[in-house]
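What follows is a single structure, written as structure tokens, with notes after it.
These numbers come from a predicted model, not from an experiment. Reminder, nothing fancy here: chain letters follow the sequence lines and each chain counts from 1.
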Amino acid sequence: MELSKNYIPANTEDKWYKHWLEKNYFISNPDERPSYTVVIPPPNVTGVLHMGHTLNETVQDILIRKARMSGFNTCWVPGSDHASIATEAKVVDMLKHEKGIDKNNLSREEFLKYAFEWKEKYGNIIYSQIAKLGCSVDWSRTTFTMDDHYYKAVIKVFIDLYNKGLIYRGARMINWDPAAKTALSDEEVEHKDVTGKLYYIKYEIASSNGSPNAPGALNHIVIATQRPETIMGDTAVCANPGDERYAYLNGQSVLVPLINKAVPVIFDDYVDKDFGTGILKITPAHDINDYNIGLKHNLPVVDTLNSDGTMSEAAQIYVGEERFAVRKKIVEELREKGLLVKEEEYTTRIGYSQRTNVVVEPKISTQWFLRMKEFAQPALKEVTSGNISIHPGDKFNATYKYWLENVKDWCISRQLWWGQQIPAWYDEEGKFVVAENEAEAQKLFNDQYSIVNTRLKQDEDVFDTWFSAWLWPIEVFNGITSPGNADIKYYYPTSVLVTGQDIIFFWVARMIMAGMEYMGEKPFSDVYFTGMVRDKMGRKMSKQLGNSPDLLELIKEYGADAVRFGIMISSPAGNDLLFDESSLEQGKHFNNKLWNALKLIKMWAAKTGQDDNGHSLEETSRANTKSGTTTGSFAIAWFQNRLNEVQLEVEKLIKEFRLSEGLKTIYSLIWDDYCSWLLEWIKPEYGKSVSKEVYDAAVYFFEEILQILHPYMPFITEEIYHQLKDRDDDLIVKQFEETPLPNEEMLQLGSKLKDIITSIRDARNKNNIKPKETLRLYIETTEVSSYDSLQQILSKQINAESIKFNTTPADGAITIVVGKEKLFIETNIEIDLKSQKEKLLKDLDYLKGFLNTVDKKLSNDKFVQNAKPEVIELERKKKSDAQEKITMIEQSLLAIN
RNA sequence: GGGAGCAUAGCUCAGUUGGUUUAGAGCAUCUGCCUUACAAGCAGAGGGUCCGCGGUUCGAACCCGUGUGCUCCCACCA
């Protein structure tokens, strides 16, 4: 079949993915081989995959494919996360805008029906994207965090932890999201720097107890606040007890402006005398500090906000209006009434809901909490002991440690419908039990409260999505719902977790906790953190900026392999990566390079007559004959060693999770060593053909480099593997064999050959000698025999009509020094020696400078005394080498003049 | 306020116990090539005060201190 001019990904990608599926290569079952297991960080079913996912999935697929080709029983579990709040927000939004439905008018069941439809739709899009990218996941194990068994697992764990006394229910100050109308955990709040205003407001002194004002005292005080809309919730004002300016207020009250409510003046060390006016309004319902001071001083709590962020009845004024609108109105009213003393610009950090991006309100609310201290110790030890390795560790070990040492209780309840409903049952008086179902609950009511057959109502709330996600590496193998089953025993602990550094606390730390609690063992051995994908200007990808490309579009334009290449070539572990489509372009070019190498080899196959009839060839390439030995054999022997060198290096790099460097190494092996050197070296002259031996070697090496590249670029490698030969086996499962150490001498000989060729080509360029112009090469060397195997290649690559050793040419030849050898190039055309003289002078300059630094070292007594002998030996050698070269160049210069 | 990380070519980055040269790669740039696999290519070249300063050392891009500039995480000062 005729090969297309360029590689066309669309022709191969779906075909091979389908083939791999049909052959069940992705499916894993426990057997006697060692397992290599990865659980996918389940994408949220909130939408489609973005570039961050692309990077993550690619990394995982590379690791999995590499392991699959290295003798492991690989299992990559795909799935998705219901993402409670994030998805619910999306569904609510969709209902409102697309169907004109208000969530408040739906029953829980009706809403969940829509939510499941949403999940079905987006879950499937996500899965198809994962497939398009080539990910070799075991689809038979696809798990969703609200699957029946998974749902049960979450409930079971909650009940278990409750019975262990690790879960409690109570009123605490929590973060409230007024848009989603739910509590949030501390980790779901993002703090951003915001320039706001500090308003200085007058509070009249009420003088309620009739005591006279102190001398010089005013009839009002001034208090600074950023949130004037909260003043109606004030239940005291507070000064530092050591602050003499306010001592006179002891026992007095002040009036809250606008509503003229009298509140006491109290004193507490918490107040900083030097900030603002040194006096603080206390609003226990809406600030965590105020709440704590309130507790200490027994202050009442006046909650002036409704759950949706509007003012409540308790606020007395502006009831039902939105909080930020009210802020403006209150400032205006204060100004009109002369109660606003001044405003100043002020930068502060404000908490935003990670999911709805609205300003979070501190609010007192009854929620479920999980005690975390008990979990922190074992989870910390796994990492500090090195039992779990984090990559890159220098960056994250400290962060991990800090969080665990300062961990706070986890608010696990959410006022949402999308998620696992909390299995707590309440009677009409508010007594409750925790039970799997209502029947069980009735029984417990009987046992605990001696109440029989009362009307029970299940808790309306659901769990934080992370309260299900933390069980992921266990329950994808049903480890909670059927402990000790064959899968969990075989696959747990998993090998590596690949995820974003932004969820180290949300998820990574908590999975380790759950693993220790429920399996008594870590959930994974390594954690590989990828950085954030930004655009090439370093900005975060976002819909608003329009800089977040569509994965399927990219695959359509460049092909999945090129997308994988592009994202991997620029992604050092743990650092943010700047995504630039030009790297995908590079990937596309790389595909094409491979494709063209294939075309070349197919052409040879046709010429050698090996394609159909298996004829051996009659003619051999010029590079292939020399006195009975095949010198194609040098090219072949050299490449074999170079290949071994790269194989070992890539092996090491992947083991260290330095995937980007691994790809660069492979890229260079293929483009430079295989295509630019090897294929050119063994390429026959026009009209001639290659020997069977050389042809076979070229094919064999092609297969080898395809194998190394396969984990990174699975589609094109599989395609070419099959284009090279008709075969029944597939590259995806081709096993790597043990790699022998490369022969250093051979590698050096190859480098020497390359250097000579490059130097001569440079000289051709500089002296304007056309490639077609033949030249006569003279080599001054002490190692003539080393050229035995190089000569044929050399003369072909530089188009030499003759090569002579240790014979001096006539005047007018170009002189080049390569290593410790002197080359003379003689041609039939007139040469202007100026440029080569310049080159020699430049080389001379460099060498003299270099010699100088070496000399300085060697003439330093301290160096000679202290340095290691081998270092000194090396310096001596550098010195003599440099001297030798200098002499050679000086002689050459003399000859020119 | 506390902590972490980073700063090397125009850009993105390597540089793994301090000594293989006066520091490397890819991309970009420049020069020459429509050479029969590949112009999405080939051949070649140029390009750096390793952020500043000080120190340790025979020797520093690398270790220490300090300054500057970025980035991120954590934290309850209105």
Measuring only the [atom1] atom in each nucleotide, how far is [N] from [M]? A whole number of Å is fine.
N     : M     : atom1 : value
B/G46 : B/G32 : C1'   : 14 Å
B/A61 : B/U17 : P     : 16 Å
B/U49 : B/C11 : P     : 12 Å
B/U71 : B/C33 : P     : 47 Å
B/A60 : B/U21 : P     : 16 Å
B/G10 : B/U29 : P     : 15 Å
B/U8  : B/G26 : C1'   : 15 Å
B/G48 : B/A14 : C1'   : 15 Å

TODO: Indicate, with yes or no, if the rings of A/Phe701 and A/Tyr674 have centres closer together than 6.0 Å.
DONE: no

Under 3.5 Å, is there a donor-acceptor pair between the [X] and [Y] side chains?
X        : Y        : value
A/Gln723 : A/Glu719 : yes
A/Asn596 : A/Lys599 : yes
A/Lys401 : A/Thr399 : no
A/Glu344 : A/Tyr200 : yes
A/Ser185 : A/Glu188 : yes

TODO: Fill in the dot-bracket string of RNA chain B, one character per base: . for unpaired, | for a pair to another strand, ( ) or [ ] for pairs within the strand, taking Watson-Crick or G-U pairs under 3.5 Å.
DONE: (((((((..((((.....[....)))).(((((.......))))).....(((((..]....))))))))))))....

- [ ] Mind checking side chain to side chain contact (heavy atoms under 4.5 Å, CB included) for A/Lys408 and listing every partner two or more places apart, or none if nothing turns up?
- [x] A/Asp186

TODO: Using the side chain to side chain donor-acceptor pair (under 3.5 Å) rule, pick out the option among A/Lys588, A/Glu581, A/Gln586, A/Arg564 that qualifies with A/Tyr558.
DONE: A/Glu581

Open item on the list: I want to check something: taking the side chain as every heavy atom from C-beta on, are A/Ile201 and A/Leu334 in contact at a cut-off of under 4.5 Å?
Closed with: yes

I'd like to know if the side chain of [X] reaches the main chain of [Y], judged simply by a donor and an acceptor atom lying under 3.5 Å from each other, with no hydrogens or angles considered.
X        : Y        : result
A/Ser676 : A/Trp671 : yes
A/Arg349 : A/His191 : yes
A/Asp234 : A/Ala236 : no

Open item on the list: Here's a test of your reading of the structure: between A/Ala867 and A/Glu656, which maps to the more 5' nucleotide of RNA chain B?
Closed with: A/Glu656

TODO: Find which nucleotide of RNA chain B each of A/Lys664 and A/Val871 is nearest to by heavy atoms, and output the residue with the more 5' nucleotide.
DONE: A/Lys664

Open item on the list: Near RNA chain B, counting only heavy atoms under 4.0 Å, which residues of residues 873-883 of chain A show up?
Closed with: A/Leu874, A/Lys878

Task: Heavy-atom protein contacts under 4.0 Å, nucleotides 71-78 of chain B, coded B base, S sugar-phosphate only, - none - done: --SSBBBB

Open item on the list: I'd like to compare against my own output: the B/S/- annotation of nucleotides 33-46 of chain B with a strict under-4.0 Å heavy-atom distance to protein.
Closed with: ---BBBSBSSBSSS

Open item on the list: If I take atom CG in residue A/Asp193 and atom C1' in nucleotide B/G1, what distance separates them, rounded to the nearest angstrom?
Closed with: 13 Å

Open item on the list: Could you measure the distance from the CD1 atom of A/Ile769 to the CZ atom of A/Arg761? Nearest 0.5 Å is fine.
Closed with: 14.0 Å

Task: Partner residues of A/Tyr346 under the ring-ring contact (aromatic ring centres under 6.0 Å, His included) criterion, sequence neighbours left out - done: A/Phe275

